[in-house]
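To start, the structure itself, in structure tokens.
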Amino acid sequence: MDVIMESKEVSEPELKVFTENRVKRSLKRLFCLVRKIKVRYSADPKSRTSCNQNCHIELQTFDHQRIEFSVTARDRRAALDIGLKKAYKHVQKVFNKAQKYGRMSKNVYI
């Protein structure tokens, strides 16, 4: 499983290490289904609320399906946690549905 972090701003090395560790730990049980994970951070300076940090998570599975999530929160770490929780639940639901029907199908990802 490859973890790729992208950011438009200057990223701190601590945030990169935190992101890699958090992704590997949270998707540890589903590592056999996920090939590549891209995490992209951005900030919305025009936001009127205090929630202006965006985290965009893109998962690529071994059958070349892409699953994307975008989360907005107060800070980057909270956005990453919420996004990974959504991603874990979605991939787990897809895997359980595939096991129920006995195959990994493209129809499952729709």
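Note that the coordinates shown come from a computational prediction; the quantities given were computed from them, not determined experimentally. Values below: every heavy atom of this structure, side chains too, minus hydrogens, waters and symmetry copies.
Here the closest heavy-atom approach between residue Val39 and residue Cys55 is recorded as CG1-SG, 3.9 Å. Val71 approaches Ile82 most closely through the heavy-atom pair CG1-CG2, 3.7 Å. Shown here for Lys86 and Phe69, the closest heavy-atom pair between the two residues is O-CZ, 3.8 Å.
Note that the CZ atom of Arg35 and the CZ atom of Arg66 stand 11.0 Å from one another [nearest 0.5 Å]. Note: Arg25 CZ to Glu20 CD = 14.5 Å, rounded to the nearest 0.5 Å. Taking OH of Tyr88 as the start and NZ of Lys28 as the end, the distance is 10.0 Å to the nearest 0.5 Å. The CZ atom of Arg77 sits 6.5 Å away from atom CG of Leu15, with the distance rounded to the nearest 0.5 Å.
If you run side chain to side chain contact (heavy atoms under 4.5 Å, CB included) between Ile37 and each of Leu84, Leu27, Ile67, only Leu27 comes through.
With sequence neighbours excluded, the residues forming a side chain to side chain contact (heavy atoms under 4.5 Å, CB included) with Lys38 are Ile4, Glu6, Lys36, Glu58, listed by chain and number. In this structure Asn21 satisfies the side chain to side chain contact (heavy atoms under 4.5 Å, CB included) test together with Val17, sequence neighbours excluded.
Side-chain contact check for Gln53 and Arg76: at least one donor-acceptor pair (N or O, by modelled atom type) lies under 3.5 Å.
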